[in-house]
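Ligands are counted one by one from 1 in listed order, and the atoms in each one are counted from 1 as well. Worth knowing before you read on, the calculation uses all heavy atoms, side chains too, and leaves out hydrogens, waters and symmetry mates.
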Amino acid sequence: MSIQRTLSIIKPDATRRNLIGKINAKIEDAGLSIIAQKMLCVTQAQAKAFYQVHAERSFYEDLCNNMVKGPIVAQVLEGEDAIHLYRTIMGATNPSNAEPGTIRHDFGESIDLNSVHGSDAPETAAQEISFFFSLIELCK
Ligand code: CMP
């Protein structure tokens with residue numbers, strides 16, 4: 001295991017319900033450090049580019065539409081085994097399958113409105129972090 005960085009997004013369904021603080025508490029309680037964070041509204045084109053990997057999936061249009069419904073919070077998390085650790089505390093993609101105490105179980109409304117996104121591997125983490133942040137914005 002090693003110190004890693006991963007990209008987290010607190011999605012519009014969660015910012016709309018004032019859940020940023022509660023989600024950040026779960027992140028920090030798990031031992032992850034938030035080393036960069038910003039709130040922004042993405043355009044449809046930006047959402048489509050970010051989720052390009054899912055372009056052929058039936059849920060792609062809905063996914064991109066949901067990402068432009070309000071502000072998001074993009075974050076870089078750092079810590080030991082951060083990519084796997086964050087996916088563990090996020091819980092399963094579908095909140096109905098997520099373990100109690102995970103972010104998606106406690107706050108997610110549905111598979112489409114599942115409150116958070118986290119990178120799934122070191123290569124995607126690097127790509128996704130650079131999508132939202134420049135080197136000078138990382139506070140370490
Ligand atoms: P996220 O981790 O942001 O990655 C892609 C998103 O697509 C996912 O969370 C879900 O919100 C959404 N999605 C909708 N349907 C599905 C599905 N069947 N499988 C995976 N992701 C889905």
Practice problem: Could you list the residues that satisfy side-chain hydrogen bond (donor to acceptor under 3.5 Å, both in side chains) with Arg5, not counting sequence neighbours? | Solution: Glu78
Quiz item: Does any N or O in the side chain of Gln52 come within less than 3.5 Å of the main-chain N or O of Ala49, such that one atom is a donor and the other an acceptor?
Solution: no
Quiz prompt | Mutual orientation of the aromatic rings belonging to Phe50 and His117 [parallel < 30°, tilted 30-60°, perpendicular > 60°] | solution = perpendicular
Distances only, to 0.1 Å: what are the N or O pairs between ligand 1 and the protein that fall under 3.5 Å?
from     : atom 1 : to     : atom 2 : distance (Å)
ligand 1 : 2 (O)  : Arg104 : NH2    : 3.1
ligand 1 : 2 (O)  : His117 : ND1    : 3.2
ligand 1 : 3 (O)  : Lys11  : NZ     : 2.7
ligand 1 : 3 (O)  : Tyr51  : OH     : 2.6
ligand 1 : 3 (O)  : His117 : ND1    : 3.1
ligand 1 : 9 (O)  : Lys11  : NZ     : 3.2
ligand 1 : 9 (O)  : Asn114 : ND2    : 3.2
ligand 1 : 11 (O) : Lys11  : NZ     : 3.2
ligand 1 : 11 (O) : Ile111 : O      : 2.7
ligand 1 : 11 (O) : Asn114 : OD1    : 3.2
ligand 1 : 11 (O) : Asn114 : ND2    : 3.3

Quiz prompt | Cation-pi check, Lys22 onto Phe107 ring (under 6.0 Å, within 45° of axis) | solution = no
Quiz item: Got a salt bridge between Glu99 and Arg104, using NZ or NE/NH1/NH2 to carboxylate O under 4.0 Å?
Solution: no
Quiz item: Can you check side-chain contact (heavy atoms from CB on, under 4.5 Å) on Lys11 and Thr15, steps first, answer last?
Solution: CA-CA 6 Å; Lys11 298 183 182 183; Thr15 62; over 6 Å; no
